[in-house]
Amino acid sequence: MNLPLQSLRTKTKLLSSPLQQIQPIKWNIQLRELSKPGQYQQAITLYRQMLRSGATPNAFTFPFILKSSAALSLPVSGAQIHCHVIKSGCQSEPFVQTALITMYCKCWSPDTAYKLFDESPKSWELTVCYNALISGYVQDSQFSNGLLLFREMRSRGVAFNAVTVLGLVPGCTVPTHLELGMSLHCSSLKCGLNSDLAVANCFLTMYVRCAAFELARKLFDEIPMKELITWNAMISGCAQNGLGTEVLDLYRDMELSGMQPDAVTFVGVLSSCANLGAQKVGIEVEEKIKRYGLKFNRFLKNALINMYARCGNLTRAQAIFDEMPERNLVSWTAIISGYGMHGHGEIAVELFDEMIKAGIQPDRTVFVSVLSACSHAGLTKKGIDYFDSMETNYGLKPGSEHYSCIVDLLGRAGRLQEAHKLIESMPMEPDGPVWGALLGACKIHKNVELAELAFTKVVNLEPTNIGYYVLLSNIYTMAGDLEGVMRIRVMMRERGLKKDPGYSYVEYKGTTHLFVAGDRKHPQIKNIYTMLAELEELVKEDSGLLKEERNDQAIAGVHSERLAIAFALLNSDDLGKDILVIKNLRICGDCHVFIKSVSKILDCKFVVRDATRFHHFKCGECSCKDYW
DNA sequence: CTAGGGTTAG
C-alpha cells in the first residue's frame, strides 16, 4: 500500500539531487574544513553551491558560514545568511544565535548584535556572547559600551575568562584608560589568567602603547617563554612611541635569544631606523628580508622606502618605489614626504599630482606631507591651493596639523599678518605647533611684537617645551633686546626648566657617535677639539662670517654639530665623495653659517637632518630656502 | 559536524 508513495519519495530525491548530496552533514563537514584562515572565501563559495544543490542548511551549517562571513567582514552576505537562518527556523538554536551575534559584531554592527542578544536572553554560554559583544564594541571604537557590558556581565555573576580580557583590553591602549587597564590586569592575575600568553601579550601591548615603559618592561621580563608576538608587541610598541634605540636593543636581544623575526618585527625595526637615521642597520634588515623571502611584502617595501628617505638615501628610496608593482597611499606618502624633506618640493608636488591621476584617494596624512613639502621649498601658491582643495575636492576637513603647515608656509613667505589671521579663523582651538610655526616665522622675518604674542600662546599650551623659549630668546638677541633675553632666562629658571644640551649624532662605519655639547667622553675627543679649533680659525679667516655669530650659546649651549663635523672630517678618507648625514634636532642660524663655510673651504658635502627635514650643504650653499 | 582572542607602514 505504501509502495507507490515510497517510490515517489525515492524518485524525488534522485531528481532533486543527482549527486545525492541532499544531506547537509556532508556539506557541513566540508564547510568546517574551509572555515579557517585563508579559506573563508572558499567556504562562502561552497555554501552557495550547497544552496544551489538543493540541500537545506541546518543548525550545524550556520555557525561555520557565519564565521566565514564575519571573518571577511561581509555585512551583506551576513545579513543574507541571517534571512536563511530565519527561513530554516534555526534562530533559537544557541550556537546559531551566538554565531549571529559574533557576525554582526565583526561586521561593525555591534548594536544589531546587542539587539539580538537582548531580545532573546537565554541562559546558555553567556560568557561567549558577552565576549563577542565586548570585543565588537571595542573594535568599533565604542570602548565605553564594551566596558558597560563587562560591568553588566560581572554584576550578573557571569564568569569572565581570557577571551573577555582580550576583547576589552585593546580599548585601554590610550593613556586615559591605562588605570582601568591596570585594574583589569590585577583581576586577571587573581583569576590565574596570566598563564595565557595571549593575555600577557595583550597587556604588554597596552603598556607600551600607553608609553608606560617600566611596567611594560617588567611584564616583558617576567614572561619566561616569549613568543614571536611577545617580541613584536614590545618592538612595535616602542617603535610607535619613537623609542628607536630601545627597539634596536630589543631586536639584538631577540636575535641572540634565537627567535626568528618576521615581517612585523622588521616593520618596527625599519621605522626605528628611519627615526634614528640608522641606515646601516636598515641595510642589514633589507638583506635579511631578502634572505627570509619577504621581499614582496608591501608593508616592508613601504617601510624600506620610508627608512631610506629618512636616512638621506633618496636614490635607493626612489628605486624601491619604482620597482613596486602596486603602490598604495602609504607608498606614495612615503616617497612624497621623502622628497619634501630633502627640499625637492617640485618633485613632491609632481608626484602628488601623479598619484591623484593614478586614482588614489588622498587622506589627511598625505596632505601633511605635500603641504610641508611646499613650505620647505617655498611653493607658497601651490601649497595654499592644495590646502583649499582638501575640503572642496576631497571632502577632507583640515586638522590643526594642516593649519600649522600653512602658517609655516605663509610665515616663511613673509605673510605674517595673513598667517595670524588664519590662526584666528581656525574652526578648532589652535594647538602648540600652530603658534610655534608663527613664532618660527617671526624669527625669520624679525617681528618681535607678533613673536611675543605667539610665544604667550604657545607657552600657555606647552609650558615645558624649551625650544620655544630658546626661539624667543634668539629673536630678542637679534633685535638687540638684552633685557628680553634676561626675562626669558628668569622665566625658565622660575619654571625649573633647564636648557637641554643640544646633541648631534653621526653614523660612521656602522656605529653611531653621539656628541653632546661640552661632553668630553668620546675616545678621540682631544683630536676632535684640535680639529675644531682649526676649522673655526679657517672659517673666521674665510669670510668673517663667524664674527656675526650671535650670542646664542647663552641658552642653546655649545654647538654639538661642530663636534660631529670635526669628528667626521678627522676620520674621513675621501672628503669629496663622502656624504655624511648628521642628525641634529634643532638647527640654528650659526649652524648654517658654519657648515656652509666649511663645505666651501674644504669643498665637501654635508647632509644634516633636523626634526623635520634635510639640509644639503655644498660649495657654501644650503638647499633649504630659509633666510637665516 | 556547533560560538569568543594577542603583534604590521606614511
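Hydrogens, waters and symmetry mates are skipped; everything else that's a heavy atom, side chains included, is used. In what follows, chains carry the letters A, B, and so on, assigned in the order in which the sequence lines appear, proteins first and then strands, with residues in each chain numbered from 1.
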Exercise. With sugar-phosphate meaning primed atoms plus P, OP1 and OP2, does A/Glu33 contact a base, only sugar-phosphate, or nothing at under 4.0 Å between heavy atoms?
Worked result: nothing

Exercise. Could you give the CG-to-P distance, from A/Leu66 to B/dG4, as a whole number of Å?
Worked result: 10 Å

Exercise. Over how many whole Å does the gap from A/Ile81 atom CD1 to B/dT2 atom P extend?
Worked result: 18 Å

For this session: For A/Arg209, report the nucleic acid contact type (base, sugar-phosphate, nothing); a contact means any heavy atom under 4.0 Å.
Result: sugar-phosphate

Problem set entry | A/Asn131, nearest nucleotide to its side chain (from B/dT7, B/dG4, B/dC1) | B/dG4

For this session: Choose from B/dC1, B/dG4, B/dG10 the nucleotide whose nearest atom is closest to any side-chain atom of A/Ser271.
Result: B/dG10

Exercise. Is any side-chain N or O of A/Asn328 under 3.5 Å from a base N or O of B/dA9, one able to act as donor and the other as acceptor?
Worked result: yes

Exercise. With a cut-off of under 6.0 Å to the ring centre and 45° to the axis, is A/Arg327 in cation-pi contact with A/Phe321?
Worked result: yes

Exercise. Roughly how many Å is it from CD in A/Glu227 to P in B/dT7, rounded to a whole number?
Worked result: 12 Å

Problem set entry | Test item: A/Leu243 and A/Phe213 side chains (from C-beta on) under 4.5 Å apart, heavy atoms | yes

Problem set entry | A/Thr365 side chain, from C-beta outward: closest of B/dG10, B/dC1, B/dG4 | B/dG10

Exercise. In whole angstroms, how far is the C1' atom of B/dG10 from the CD1 atom of A/Ile320?
Worked result: 14 Å

For this session: Check step by step if ring-ring contact (aromatic ring centres under 6.0 Å, His included) holds for A/Phe387 and A/Phe367.
Result: CA-CA 8 Å; A/Phe387 182 71; A/Phe367 267 105; 9.0 Å; no

For this session: Calculate the interatomic distance between A/Ile305 atom CD1 and B/dG10 atom P; express it in whole Å.
Result: 12 Å

Problem set entry | Interatomic distance where CG belongs to A/Leu193 and C1' belongs to B/dG4 [whole Å] | 14 Å

For this session: Tell me what A/Asp262 touches on the nucleic acid: a base, only sugar-phosphate, or nothing, going by heavy atoms under 4.0 Å.
Result: nothing

Problem set entry | Gap between atoms CD1 and C1', on A/Ile29 and B/dT2 respectively (whole Å) | 13 Å

Seminar exercise, completed: Of B/dG4, B/dC1, B/dG5, the nucleotide closest to the side chain of A/Phe64 is B/dC1

Exercise. Hey, does the Lys NZ or Arg CZ of A/Lys226 hover above the aromatic six-ring of A/Phe220, less than 6.0 Å from the centre and inside 45° of the axis?
Worked result: yes

Exercise. For A/Leu133, which contact category applies under a 4.0 Å heavy-atom criterion: base, sugar-phosphate, or nothing?
Worked result: nothing

Exercise. Does the distance from a Lys or Arg side-chain N to an Asp or Glu carboxylate O, for A/Asp221 and A/Lys218, drop under 4.0 Å?
Worked result: no

Problem set entry | B/dG10 OP1/OP2 closer than 4.0 Å to side-chain N/O of A/Asn306 | yes

Exercise. Which of the following nucleotides, B/dG5, B/dG4, B/dT7, is nearest to the side chain of A/Asn232?
Worked result: B/dT7

Exercise. Between B/dC1 and A/Gln23, is there an OP1 or OP2 to side-chain N/O distance shorter than 4.0 Å?
Worked result: no

For this session: Figure out the NZ/P separation between A/Lys67 and B/dC1, and round it to whole Å.
Result: 16 Å

Exercise. Are the side chains of A/Asp363 and A/Leu329 in touch, meaning some heavy atoms are under 4.5 Å apart?
Worked result: yes

For this session: Would you classify A/Asp196 as touching base, sugar-phosphate or nothing, given that sugar-phosphate means primed atoms plus P, OP1 and OP2, and contacts are heavy atoms under 4.0 Å?
Result: base

Exercise. For the side chain of A/Gln240, counting heavy atoms from C-beta on, which of B/dA9, B/dA3, B/dG4 is nearest?
Worked result: B/dA9

Exercise. Nearest to the side chain of A/Ala198 - B/dG10, B/dT2, B/dG5?
Worked result: B/dG5

Exercise. When you check the phosphate oxygens OP1 and OP2 of B/dC1, does a side-chain N or O of A/Gln30 lie under 4.0 Å from one of them?
Worked result: no

Problem set entry | A/Phe64 six-ring centre to A/Arg32 NZ/CZ under 6.0 Å and within 45° of normal | no

Problem set entry | Residue A/Ser135, side-chain atoms from C-beta onward, closest of B/dA3, B/dT2, B/dG5 | B/dG5

Exercise. Which is true for A/Lys106 with a 4.0 Å heavy-atom rule: it touches a base, it touches only sugar-phosphate, or it touches nothing?
Worked result: sugar-phosphate

For this session: Taking only the side-chain heavy atoms of A/Phe60 (C-beta and beyond), determine which of B/dC1, B/dA9, B/dG5 contains the nearest atom.
Result: B/dC1

